[in-house]
Amino acid sequence: MTVKELAEREGFTPVCLPDPERVIEGGYCGDLLSWVMGRAKSSQAWITIMSNMNIAAVATLCDVAVIVLSENVSPDDGVKETAEARGINIIKTPMATFEAAALISSLI
Amino acid sequence: MSESVRFRFNVDGSNFTTAGQASVQVKKNLRELGIPAEAIRRVSIAMYEGEINMVIHAHGGEAEVIVFEDRIEIILSDHGPGIPNIELAMKEGYSTAPDNIRSLGFGAGMGLPNMKRYTDDMKIDTELGKGTTITMTVKF
């Protein structure tokens, strides 16, 4: 499934999609950035409630396909612009991390 | 024998939200040089952790990345307080980061362990009150 296809599903809202055709090949859930950085893999959907600027750096370095902000979290000021510039997709959802992960897992 | 390529960066210690800029730039540069993807990933993760540490603990510092034919060396130097107990600092979960840093998702005590895990060699030179230099090597 591509990031665009996920963004179009009910319950998901795109924040920015500079690379919409990116294919999601798995997922990782986590909010401790160092932990995520050591474990998330390329092309995964990273589901988190963290919204600060550092998520853009972590997503870039891990090369995840998309950041999925769960629990209706919105990105902090400037995150959207940075993500856009670096080609990082961000989607948000009111779902809890568990629900979002279960749904994404069933779709890919 | 080909010449090595060097990149140098100043790590700004005053702005936590922009930490990671050097690592992101290095990732880009290494891609352009055609370095294998897994090596790039290891270098950029180790370097980012180092950058974050420099911002949290040492008011910034300098980063140098040297690309050799078969390996990449990352040298991170700061003039911070130094590491009093390296063995303790290397333990996963041990952290002296303040609460405001933890609320941003860092300070989980994974920084130095991640740097060691993702590199083939890591050397820490530290002196209390003077600073710390960490040299890491990633082979490819």
Side-chain angles (χ1 to χ4, degrees), chain A residues 15-16 18-19 22-23 25-26 28-44 46-65 67-71 73-90 92 97, chain B residues 9 11-12 15-31 36-53 55-56 74 89-95 97 100-119 138:
Chain A
V15 174
C16 62
D19 191 5
R22 190 83 195 266
V23 175
E25 293 173 0
Y28 193 84
C29 306
D31 305 316
L32 282 173
L33 301 188
S34 288
W35 194 275
V36 172
M37 202 151 60
R39 285 159 176 83
K41 295 188 175 68
S42 180
S43 297
Q44 288 182 332
W46 169 29
I47 309 170
T48 183
I49 54 163
M50 274 293 159
S51 58
N52 64 70
M53 186 62 85
N54 303 104
I55 62 173
V58 171
T60 305
L61 298 174
C62 288
D63 193 33
V64 296
I67 302 172
V68 179
L69 297 173
S70 57
E71 310 272 8
V73 164
S74 291
D76 294 359
D77 288 347
V79 173
K80 184 180 165 183
E81 290 73 16
T82 303
E84 196 88 56
R86 290 193 191 154
I88 301 160
N89 299 310
I90 304 179
K92 61 183 280 185
T97 297
Chain B
F9 303 91
V11 178
D12 179 5
N15 192 344
F16 191 75
T17 56
T18 58
Q21 278 178 343
S23 316
V24 169
Q25 186 60 46
V26 162
K27 182 176 185 180
K28 207 174 148 206
N29 293 357
L30 295 179
R31 256 190 195 163
E38 187 52 27
I40 296 177
R41 177 179 154 85
R42 292 166 63 206
V43 167
S44 42
I45 289 174
M47 191 172 160
Y48 184 53
E49 292 285 13
E51 262 193 89
I52 294 290
N53 275 351
V55 176
I56 296 175
I74 310 148
M90 287 303 300
K91 267 178 78 173
E92 279 197 9
Y94 178 80
S95 174
N100 65 321
I101 298 296
R102 289 170 198 264
S103 70
L104 290 169
F106 286 105
M110 296 296 294
L112 285 169
N114 266 354
M115 288 157 74
K116 188 169 174 60
R117 179 184 301 147
Y118 282 97
T119 56
V138 171

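Proteins get letters first, then strands, A, B, ... in listed order; numbering begins at 1 in each. In what follows, every heavy atom counts, from backbone to side chain, and hydrogens, waters and symmetry copies are set aside.
Rounding to the nearest 0.5 angstrom, the gap separating the CE atom in B/Met110 from the CZ atom in A/Arg39 is 4.5 Å. If you take CG on A/Leu61 and NZ on B/Lys27, they are separated by 6.0 Å, rounding to the nearest 0.5 Å. Here CG of A/Leu33 is found 6.5 Å from OH of B/Tyr48. Values are rounded to the nearest 0.5 Å.
In this structure, no portion of B/Arg42 lies under 4.5 Å from any heavy atom of chain A. For chain B, the nearby part of A/Met50 is the side chain; its heavy atoms alone come within less than 4.5 Å.
Top candidate by heavy-atom pairs under 4.5 Å with chain B, chosen from A/Thr48, A/Asp76, A/Leu32, is A/Leu32. Of all the listed residues (A/Asn54, A/Val36, A/Ile55), the one sharing the greatest number of non-hydrogen pairs under 4.5 Å with chain B is A/Asn54.
Within 6.0 Å of the CZ atom in B/Arg102, the count of heavy atoms belonging to other residues, nucleotides or ligands exceeds 12. Residue A/Asp77 qualifies as open at atom CG: its count of foreign heavy atoms under 6.0 Å is 12 or below.
B/Asn114 places no side-chain N or O within donor-acceptor distance of the main-chain N or O of A/Met37, the cut-off being under 3.5 Å.
Considering every non-hydrogen atom in both A/Ala57 and B/Ala19, the closest pair reads CB-O, 4.3 Å. Listed here is the closest heavy atom pair of B/Arg41 and A/Gly38: NH2-O, 4.4 Å.
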